[in-house]
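FYI, side chains are in, hydrogens and waters are out, and symmetry mates aren't considered; it's all heavy atoms of this structure. Sequence positions, counted from 1, serve as the residue numbers for this chain. Source: prediction; values computed, not measured.
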Amino acid sequence: MKKYRYALLILALIVGLLASMTFAVMVGSVNITPRIIWELLFIKLGLSLETTASNPQSIIIWEIRLPRVILAAIVGAALSISGAAIQALVKNSIADPYILGVSSGASVGATSVILLGAFSAIGNYALSFAAFLGAIFAVIIVFLLARVNGRISVVRLLLAGIAISMVFSAITNFMLMMSKQQGGIQAVMHWMLGSLAGAKWSNLGIPFFIFLLVFTLLLLNYRQLNALLLGEETAATLGINLDRFRIFIILFVSLLTGVIVAVSGSIGFVGLIIPHLVRMMVGSNYKVVLPISALIGAIFLVWADMVARIVIAPEEMPIGIITAVCGSPFFIWMLRRRRYSFGDGE
């Protein structure tokens, strides 16, 4: 019976995601109807030949709004499954994917491009490339610090992540302090708070395929993720090579988070609150937690980005502010709960 209930929930969330994305494309200064959106989509997919959309409407939908909405869904889903995996790794519901230093490393890379013109030879891809490079470099340092005598300690991983985040944040702040470019400083701050304004079809492919790869790998290993929640001794008894599996999680989650941060900036709280919310709804079985986290995370960020676009229109609010406003009260509520445990006992 549970299997059918979960299937219906996933189906309802897919419908909800499509409806949310359609509504998000509609919202804006130019009036667009759902019919026009889907007519244009069917034409682009080769399923239809006619549309009532005018040429300006077609450009706004296809070149501006739709890539942004799709990127929001990808980023929300990716951060959610990354958060779920990291929480299983450290067995703590208040961990998130940025705990490995990904965000601070990416910020150094992005700041070096915006303020210093690094990697200018690769043009429009410089910011994403430098942010990804910084994120992966930070994770490598954290990984090396946490690995002692060929083993990875969760405590060392957390401490190394905090230490490296502080070091990279200090480097970013130093560059901002020394810079005389007022416009550049504002651009860095806007990027650090998260933004999907630069969404284009050309920068959707890599995040989408990396997300699919990591999601598939995590789903195939859901039993190992479930075993991590039972404790190290139980997991070892079940025949799981803990060190090898931890390396697997760190590498692939860092890859996914690094790619996402490179295209969207640092968007907080999504990877923290969504997996926790999902476990409260359906329990701690990662076979269910991962797909539902991905769908709810996608829906949440589509709506958060829509609010960011309209709340101070015609200006745009960084999406990280919206997620922080939603996530902070939830985080405080989690900390204030008298009875708190990881998983089904919540």
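Taking CG from L242 and CG from L228, the interatomic distance works out to 6.5 Å, rounded to the nearest 0.5 Å. Here the straight-line distance linking atom CG of L100 with atom CD1 of I141 works out to 13.0 Å at 0.5 Å rounding. Between I273 atom CD1 and S328 atom OG the span is 9.0 Å, to the nearest 0.5 Å. Rounded to the nearest 0.5 angstrom, I250 CD1 and R246 CZ are separated by 8.5 Å. I10 CD1 to L17 CG: the interatomic distance, rounded to the nearest 0.5 Å, is 13.0 Å. With rounding to the nearest 0.5 angstrom, the CG atom of L13 is 5.0 Å from the CD1 atom of I296.
Side-chain heavy atoms closer than 4.5 Å link hydrophobic residues (I, L, V, M, F, W, Y) into clusters, and following such links, even through other members, never connects I321 to F330. Cluster membership check: F300 does not share its hydrophobic cluster with M317, using side-chain heavy-atom separations under 4.5 Å among Ile, Leu, Val, Met, Phe, Trp and Tyr. A continuous path of Ile, Leu, Val, Met, Phe, Trp and Tyr side chains, each step under 4.5 Å between heavy atoms, connects V139 with L144, placing both in one hydrophobic cluster. When hydrophobic clusters are built by joining Ile, Leu, Val, Met, Phe, Trp and Tyr residues whose side-chain heavy atoms come closer than 4.5 Å, directly or via intermediates, I36 is grouped together with V27. The hydrophobic clustering, which links ILVMFWY residues whose side-chain heavy atoms are closer than 4.5 Å, places V307 and L301 apart.
Here the closest non-hydrogen pair linking N221 and L217 is ND2-O, 2.7 Å. Taking every heavy atom of both residues into account, W191 and V261 meet most closely at CZ2-O, 3.3 Å. Residues S107 and M192 come closest through the heavy atom pair OG-CG, 4.0 Å. Here the closest non-hydrogen pair linking V214 and F252 is CG2-O, 3.6 Å. Pairing each heavy atom of Q181 with each of I114, the nearest pair is OE1-O, 3.9 Å. Nearest heavy-atom pair, I319 versus S195, reported as atom, atom and distance to 0.1 Å: CG2-N, 4.0 Å.
With contacts defined as side-chain heavy-atom distances shorter than 4.5 Å, the pair I299/V302 does not qualify. Counting only heavy atoms from C-beta outward, the side chains of I74 and I70 approach each other to under 4.5 Å. Contact of the L79 side chain with the Y98 side chain is registered, since non-hydrogen atoms from C-beta on lie closer than 4.5 Å. Looking at heavy atoms from C-beta onward, F211 lies in side-chain contact with I81 at the 4.5 angstrom threshold. L225 has its side chain out of reach of K287: every pair of non-hydrogen atoms, C-beta onward, lies at least 4.5 Å apart. L213 is not listed as a side-chain neighbour of L256, based on a closest heavy-atom distance of 4.5 Å or more. Between S54 and Q57 there is a side-chain heavy-atom pair separated by less than 4.5 Å. Within the 4.5 Å cutoff, side-chain heavy atoms of L229 are placed close to those of Y286.
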Report the C-alpha separation of F208 and L212 in whole Å, then their side-chain angles, then the decisive distance to 0.1 Å, and conclude whether the side-chain contact (heavy atoms from CB on, under 4.5 Å) test is met.
CA-CA 6 Å; F208 177 70; L212 278 185; 3.5 Å; yes
Under the criterion side-chain contact (heavy atoms from CB on, under 4.5 Å), I'd like the reasoning laid out for L133 against F137: C-alpha separation, chi angles, the key distance, then a yes or no.
CA-CA 6 Å; L133 209 62; F137 182 62; 5.9 Å; no
N226 and N285: side-chain contact (heavy atoms from CB on, under 4.5 Å), yes or no, with the steps?
CA-CA 6 Å; N226 288 343; N285 183 353; 3.1 Å; yes
Before you tell me yes or no, could you show the steps for L255 and F132 under side-chain contact (heavy atoms from CB on, under 4.5 Å), namely the whole-Å CA-CA distance, both residues' side-chain angles and the distance that decides it to 0.1 Å?
CA-CA 9 Å; L255 172 65; F132 176 71; 3.7 Å; yes
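Using a 4.0 Å cut-off between charged nitrogen and carboxylate oxygen, R68 and E316 count as a salt-bridge pair.
Under a 3.5 Å cut-off, the side chain of S82 and the backbone N or O of T257 do not form any donor-acceptor pair. A distance-only check finds a donor-acceptor pair linking the side chain of S264 to the backbone of I260 [under 3.5 Å]. Without hydrogens or angle criteria, R65 side chain to M26 main chain gives a donor-acceptor distance under 3.5 Å. The closest donor-acceptor contact from the side chain of S104 to the backbone of G101 lies under 3.5 Å. Using a distance-only test at 3.5 Å, with no hydrogens or angles considered, a donor-acceptor pair links the side chain of S112 to the main chain of G109. Side chain of R279 to backbone of A84: no donor-acceptor contact under 3.5 angstrom is found.
S293 and S80 share no side-chain donor-acceptor pair at under 3.5 Å.
When each of L295, V288, I14, I292 is tested with L9 by the rule side chain to side chain contact (heavy atoms under 4.5 Å, CB included), just one qualifies, namely I292.
F248 and F245 have parallel rings, their planes meeting at less than 30° on a 0 to 90° scale where 60° marks the start of perpendicular.
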